[in-house]
Amino acid sequence: MELDGRKKTILTAIIRTYLETGEPVGSRTISKYTDLNLSSATIRNEMSDLEEMGYILQPHTSAGRIPSDKGYRLYVDELIKSKDQEVSEIKDMMIQKTDKLEKMLKQVVKVLANNTNYATMITGPVYKQVRVRFIQLSRVHELQLVAVIVAEGNLVKNQIIEISEPIDDETLLKLNLLLNTQMNGKTIEEINLDMISRMKSQAGIHSQVIASVVDAVAEAIQSDKEDMPVYTSGTNNIFKYPELSDSSRASELVSAFEEKDQLAQMIIDASAEEESETGIQVYIGNDGPINTMKDCSVVTANYDFGNGMKGTVGIIGPKRMDYENVLDNLKTLQTQLDKIFKNGENAGEEK
């Protein structure tokens with residue numbers, strides 16, 4: 001007997017429904033779930049064939065069906081195959097997109113420095129409040145697994161997990177099902193202690209694998225300064241202002257721009273503060289987040305590419321900076337970045 005497309009669709013519907021409800025699945029439920037437009041009688045016949053082929057079980061005479069280990073195996077193998085291709089396509093797309101985005105942001109920050117005559121910076125977009133799309137645990141070596149986490153915005157991260165004893169295929173399958181059933185569609189804030197405890201309890205002796213995957217997910221969908229690209233321009237503009245150009249002050253400012261760690265930390269600290277409605281914040285003198293910039297004013301603005309992808313642009317100059325010109329430039333830039341990104345997305349879709 002052949003497992004054709006219709007049977008696969010019905011089997012997938014049974015498994016997904018059972019994963020959601022934990023209850024045996026009947027033909028009437030499947031007729032509502034799928035878009036096959038089949039009668040309950042036809043679906044019952046297909047379910048009988050699936051049972052005969054060993055993909056589903058009927059726990060009680062008059063009850064619906066539940067997946068067998070063979071059914072789970074087919075479902076996960078198909079899912080992993082599909083996700084492998086998706087991950088590969090995402091990586092290829094993101095490499096191209098990242099290259100174009102980097103060139104654009106470098107050009108943007110250069111133009112901004114020329115327009116304002118101050119030092120400028122911009123971060124590449126990072127993902128905030130994103131949701132998990134898919135988790136795949138695979139074996140690398142006997143005592144080593146790799147967790148592939150795919151999040152919204154096509155963010156892909158890999159994490160190697162060391163294990164104390166080998167895990168067989170069926171256990172790995174069940175761990176994959178457990179992780180995806182519980183964590184798909186969740187933000188890091190929604191993956192709370194209760195959820196983690198439940199998953200660990202269900203994983204039994206493999207609870208440490210769950211803990212490692214949760215840590216990997218948190219790392220994947222939370223930004224930090226090491227992952228945040230920062231592009232700068234106009235550092236030499238600092239020397240145009242006497243109050244900043246003496247050797248010690250200028251050296252400290254130039255060093256902060258060249259190392260970029262302090263700039264990245266400034267952005268992370270600023271994003272944790274309450275923002276204005278425009279996403280623009282102004283730090284004057286000692287209000288500033290970086291000690292070496294206590295003689296400066298720092299103006300930052302957020303840009304939003306959608307889908308949880310956000311970045312920050314900043315202008316650093318003397319406290320007597322032309323605030324009106326700076327704010328005008330930042331507001332214009334916010335609008336232009338939004339248009340550039342949307343036009344780029346539309347062009348990509350048309351292709």
Side-chain angles (χ1 to χ4, degrees), residues 1-87 131-139 145 147-152 167-186 190-191 194-196 198-204 206 209-210 213 217:
M1 196 179 299
E2 184 184 351
L3 186 65
D4 56 27
R6 188 162 76 179
K7 285 186 176 63
K8 278 188 180 180
T9 301
I10 292 172
L11 176 60
T12 299
I14 291 170
I15 293 174
R16 287 182 177 172
T17 305
Y18 182 68
L19 288 175
E20 290 172 7
T21 66
E23 299 291 335
V25 183
S27 57
R28 184 173 296 180
T29 302
I30 298 304
S31 65
K32 295 175 183 177
Y33 184 97
T34 66
D35 57 358
L36 293 175
N37 296 319
L38 299 175
S39 66
S40 292
T42 302
I43 292 174
R44 278 195 298 273
N45 289 335
E46 295 285 13
M47 289 171 75
S48 295
D49 289 345
L50 287 169
E51 185 177 0
E52 187 178 337
M53 297 166 75
Y55 291 107
I56 56 176
L57 306 169
Q58 188 172 25
H60 308 292
T61 307
S62 58
R65 267 69 162 191
I66 65 172
S68 67
D69 285 354
K70 183 179 178 181
Y72 278 134
R73 167 54 60 195
L74 178 70
Y75 174 73
V76 172
D77 285 349
E78 292 281 335
L79 190 61
I80 288 176
K81 183 179 175 182
S82 162
K83 293 299 178 179
D84 277 342
Q85 183 177 352
E86 183 180 342
V87 168
R131 298 181 183 276
V132 177
R133 289 180 56 192
F134 180 69
I135 299 168
Q136 178 184 319
L137 274 179
S138 303
R139 188 181 294 102
L145 304 175
V148 180
I149 297 110
V150 181
E152 278 180 339
I167 294 179
D168 60 37
D169 289 345
E170 293 306 318
T171 303
L172 196 59
L173 162 63
K174 289 174 182 175
L175 288 173
N176 270 309
L177 286 171
L178 173 62
L179 288 164
N180 283 285
T181 302
Q182 294 293 323
M183 297 176 70
N184 275 12
K186 299 290 192 299
E190 292 169 335
I191 302 170
D194 286 342
M195 179 189 296
I196 296 169
R198 284 197 307 272
M199 287 194 293
K200 283 185 173 181
S201 175
Q202 292 179 55
H206 302 295
V209 174
I210 299 297
V213 172
V217 168

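Only this structure's heavy atoms are used, side chains among them; waters, hydrogens and symmetry mates stay out.
With sequence neighbours left out, the side-chain contact (heavy atoms from CB on, under 4.5 Å) criterion links Arg198 to Gln182, Asp194, Met195, Gln202. The salt bridge (charged side-chain N to carboxylate O under 4.0 Å, His left out) test applied to Glu23 returns no partner, not counting sequence neighbours. With sequence neighbours excluded, the residues satisfying side-chain contact (heavy atoms from CB on, under 4.5 Å) with Ser68 are Leu57, Lys70. The side-chain contact (heavy atoms from CB on, under 4.5 Å) test applied to Ser39 returns Ala41, Thr42, not counting sequence neighbours. Asp4 is linked by a salt bridge (charged side-chain N to carboxylate O under 4.0 Å, His left out) to Lys7, counting only residues two or more places apart in sequence or in another chain. Evaluation of the side-chain contact (heavy atoms from CB on, under 4.5 Å) rule for Asp77 yields Arg73 as partners, not counting sequence neighbours. With sequence neighbours excluded, no residue forms a salt bridge (charged side-chain N to carboxylate O under 4.0 Å, His left out) with Lys174. Shown here are the salt bridge (charged side-chain N to carboxylate O under 4.0 Å, His left out) partners of Lys8, two or more places apart in sequence or in another chain: Glu78.
Distance check, rounded to the nearest 0.5 Å: CG of Asp69 to CG of Asp169 gives 12.0 Å. Here the CD1-OH distance, from Ile15 to Tyr72, works out to 7.0 Å after rounding to the nearest 0.5 Å. Annotation: the span from Leu178 atom CG to Leu173 atom CG amounts to 11.0 Å, rounded to 0.5 Å. Atom CG in Leu50 sits 11.0 Å away from atom CG in Asn45 (nearest 0.5 Å).
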ask   = How far apart are the C-alpha atoms of Ile56 and Val25, what are their side-chain angles, what is the distance that settles it, and do they pass the side-chain contact (heavy atoms from CB on, under 4.5 Å) test?
value = CA-CA 10 Å; Ile56 56 176; Val25 183; over 6 Å; no
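For the pair Leu74/Leu3, a side-chain contact is recorded, criterion being any heavy-atom separation below 4.5 Å from C-beta on. Counting only heavy atoms from C-beta outward, the side chains of Asn176 and Leu172 approach each other to under 4.5 Å. Residues Ile167 and Val209 meet the side-chain proximity criterion, which asks for heavy atoms closer than 4.5 Å. For the pair Arg6 and Leu38, the minimum side-chain heavy-atom distance is below 4.5 Å.
Side-chain atoms of Arg65 never come within 3.5 Å of backbone atoms of Tyr55 as a donor-acceptor pair (strictly under, hydrogens ignored).
Considering Val213, Leu137, Ile135 in turn, Leu137 is the only one that fulfils the side-chain contact (heavy atoms from CB on, under 4.5 Å) rule with Leu175.
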